[in-house]
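The structure appears below as structure tokens.
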Amino acid sequence: MKTRPHLLIGLLTLLTAGACERAPKRLTAEFYAMGGIPVHVTAYQADRGDFLEAVESFREKVQALEAQLSVYRDNSLLSRAARGEAVELTPEALAVINDALRFSQETGGGFDPTVGPLVSLWKQAEKRGAPPGKDELLEALNLTGINRVHLEKQNNRTVLSLDPGTRLDLGGIAKGYFADLGTRMLMSAGVRRGLVELGGDLVAFDRSEDPAPFQIGVRHPRDQHKLLGKLKLQGGGVVTSGDYQRYVEIAGKRYSHIIDPRTGMPAGELCAVTLTADTGARADALATAVVVLGPEEGLKLVERLPGVEALLVIELPAGGLRVLKSSGVGDRFDPADGVHLPFDLGKPR
Ligand code: AMP
Ligand code: MG
């Protein structure tokens with residue numbers, strides 16, 4: 001396998017046995033989005049011209065959506081809404097926001113796109129070297145919650161407004177959403193089998209006459225050069241969320257960048273969650289939510305949702321990892337050889 005940048009992130013695709021036998025023509029392309037995240041697009045047995053055209057349209061679409069949705073751009077719809085403006089949404093922006101609100105409800109608020117004030121508070125805490133105080137936490141918690149987000153239909157238009165101090169940040173689902181968008185565009189261009197991977201979030205599809213599964217490498221959350229194992233995927237989204245790519249460090253202690261919107265505290269128990277769902281956006285939101293909810297509640301949520309499976313990784317206090325898998329994973333997860341872990345596959349009891 002070649003060493004490529006995307007090997008260093010949570011998920012990576014490995015050649016599938018089926019595809020190897022058929023010796024597929026494999027086309028790949030790469031561009032950058034969301035301030036430097038590499039986007040990898042792959043298609044098998046596709047026309048090169050159609051593929052490159054689809055990738056170019058995809059890149060343009062991502063750029064256009066970023067201009068509308070990025071919280072890092074002063075003129076984006078979300079930045080203007082955060083400044084108190086009522087903004088008219090484009091159909092695409094409305095679709096992502098509706099998804100985010102739906103996933104927030106589906107996860108009992110574990111996923112919450114209004115968590116921004118809490119994320120900022122923990123970033124400030126890192127700079128000053130001390131965790132936030134109770135009053136600061138309460139203040140930020142009061143600005144959080146999807147009941148502070150208002151969508152109003154006016155004729156054919158939808159207008160977004162936010163209560164004062166509230167921000168809408170789609171960082172927890174944007175990568176998955178963009179990966180969905182890319183695969184839809186590949187399919188429209190006639191590609192039968194392909195995948196799009198964006199910063200560890202991956203969406204794959206195989207609409208060929210003889211579909212073969214994809215094998216996804218799941219990275220070891222504590223050693224980026226190792227695999228935790230391989231996961232077989234028929235298609236759809238697979239996303240890893242965890243504490244190892246991004247975190248804040250305060251007085252020598254590492255805190256997750258994922259915040260529990262119910263308490264304002266960084267999520268603690270799970271060091272990684274790899275989750276599969278029908279779409280990338282859903283897998284992205286649910287993976288973040290399962291990290292927030294922790295092993296027991298998180299696994300219960302996964303078991304309750306049809307078509308959703310997950311691997312939950314806990315770092316044991318004595319060292320080593322404990323991997324829990326949801327009931328539908330079965331032998332689709334193949335733990336890596338030579339991974340010295342107390343591999344304890346089962347439900348928490
Ligand atoms: P992900 O990497 O998809 O798990 O998303 C994490 C990013 O989403 C963080 O960097 C935060 O900006 C934001 N975030 C943190 N906690 C939450 C949460 N509970 N719900 C939604 N987004 C969150
Ligand atoms: Mg996510």
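For clarity, every value in this text was computed on a predicted model and none was experimentally measured. Nothing fancy with the numbering, it's 1 onward along the sequence. Indexing begins at 1, ligand by ligand and atom by atom, following the structure's order. The analysis underlying the following values was restricted to heavy atoms, covering all of them including side chains, and did not include hydrogens, waters or symmetry mates.
- The ligand atoms of ligand 1 that sit less than 4.0 angstrom from a heavy atom of Pro261 are 19 (N).
- The distance from ligand 1 to the heavy atoms of Phe111 drops below 4.0 Å at these ligand atoms: 20 (N), 21 (C).
- Within the listing of ligand 1, atoms 19 (N) sit less than 4.0 angstrom from a heavy atom of Val292.
- Among the atoms of Ile259, some N or O lies under 3.5 angstrom from an N or O of ligand 1.
- Taking a cutoff of 4.0 Å between a charged side-chain nitrogen and a carboxylate oxygen, Arg282 and Asp278 qualify as a salt bridge.
- Against a heavy-atom cut-off of under 4.0 Å, Ser241 is close to the following atoms of ligand 1: 1 (P), 3 (O), 4 (O).
- Every atom of ligand 1 is numbered from 1 in the order shown, and the set under 4.0 Å from a heavy atom of Gly172 is 3 (O), 5 (O), 8 (O).
- Between Asp260 and Arg262 a salt bridge is recorded (basic side-chain N to carboxylate O distance below 4.0 Å).
- In this comparison of Lys175, Arg262, His257, the heavy atom closest to atom 15 (C) of ligand 1 sits on His257.
- If you check the side chains of Gln68 and Thr90, you find a donor sitting under 3.5 Å from an acceptor.
- Of all the heavy atoms of Ile258, the ones lying under 4.0 Å from any atom of ligand 1 are found in both the backbone and the side chain.
- Heavy-atom neighbours of Arg128 CZ from other residues, nucleotides or ligands within 6.0 Å: above the threshold of 12.
- The closest approach between Gly110 and ligand 1 falls below 4.0 Å for a heavy atom of the residue.
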Note to self: Go through it in stages, so that I can follow the logic: the residues are Glu309 and Thr276, the test is side-chain hydrogen bond (donor to acceptor under 3.5 Å, both in side chains), and I'd like the CA-CA distance, side-chain angles, deciding distance and then a yes or no.
What the structure shows: CA-CA 5 Å; Glu309 301 299 340; Thr276 62; over 6 Å; no
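- In this structure, Phe58 has its ring center under 6.0 Å from that of Phe31.
- Side chains of Ser208 and Gln45: a donor-acceptor N/O pair is absent below 3.5 angstrom, by distance only.
- Looking at ligand 1, you won't find any N or O of Pro113 less than 3.5 Å from one of its N or O atoms.
- The N, O or S atom of Asp284 with the smallest distance to the Mg ion (ligand 2) is OD1.
- Here Gly171 does not reach the Mg ion (ligand 2): none of its N/O/S atoms is less than 2.8 Å from the metal.
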